[in-house]
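Contents: one structure, followed by commentary.
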Amino acid sequence: QVQVVESGGGMVQAGESLRLSCTASGRTFSAYAMGWFHQAPGKVREFVAGISGGGSETVYADAVKDRFTISRNNAKNTVYLQMNSLKPEDTAVYFCATHNTRWPTMIEYDYDYWGQGTQVTVSS
């Protein structure tokens with residue numbers, strides 16, 4: 001049974017930073033890419049960032065590529081999302097998910113196990 005658990009959300013002001021963490025258990029962590037998605041109120045869930053199983057390849061949505069950094073520590077079965085220069089439009093529930101292969105994609109359908117999400121709220 002694969003379990004995915006996010007943590008680190010909260011409420012910050014515009015311009016501040018947050019770091020989200022996500023742990024996954026139940027299969028070989030380093031063999032699979034990981035991804036972060038977000039869903040704002042009334043909107044569909046969108047891709048934010050992804051990282052390959054070994055950590056060598058990353059991919060970002062255009063809206064975050066100069067502000068967010070995804071990384072992973074395979075020894076701790078944990079993936080991180082460092083979010084800097086946060087904007088009110090970053091307000092959303094952030095979800096972590098495991099990919100079904102070693103290489104990340106932006107396609108939600110390619111991610112097979114999901115966490116419950118963590119709320120990020122950015123005030124202006």
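A distance-only check finds a donor-acceptor pair linking the side chain of Asn100 to the backbone of Asp110 [under 3.5 Å]. At distances below 3.5 Å, at least one donor-acceptor pair connects side-chain atoms of Thr91 with backbone N or O atoms of Val122. Using modelled atom types, no side-chain atom of Glu6 and backbone atom of Thr118 make a donor-acceptor pair closer than 3.5 Å. For Gln116 (side chain) and Val5 (main-chain N/O), no donor-acceptor pair under 3.5 Å exists by modelled atom type.
In plain terms, the two heavy atoms of Leu18 and Gly9 that are nearest each other are CD1-C, 4.5 Å. Closest approach of Ala33 and Pro104 over heavy atoms only: CB-N, 3.5 Å. Of all heavy-atom pairs between Leu20 and Trp36, the closest is CB-CH2, 3.6 Å.
Residues passing the salt bridge (Lys or Arg N to Asp or Glu O under 4.0 Å) test with Asp90, sequence neighbours excluded: Arg67. Partners of Glu57 by salt bridge (Lys or Arg N to Asp or Glu O under 4.0 Å), not counting sequence neighbours: none found.
By the criterion of side-chain heavy atoms lying less than 4.5 angstrom apart, applied directly or through intervening Ile, Leu, Val, Met, Phe, Trp or Tyr residues, Ile70 is not grouped with Trp114; the two fall into different hydrophobic clusters.
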Sequence neighbours excluded and cut-off under 3.5 Å, please list the side-chain donor-acceptor pairs for residues 37-51, or say none.
from, atom 1, to, atom 2, distance (Å)
His38, ND1, Tyr94, OH, 3.2
His38, NE2, Glu46, OE1, 3.3
Gln39, NE2, Lys43, O, 3.0
Arg45, NE, Glu108, OE2, 3.1
Arg45, NH2, Glu108, OE2, 2.8

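For the pair Arg27 and Tyr113, the cation-pi criterion (under 6.0 Å, within 45° of the ring axis) is not fulfilled.
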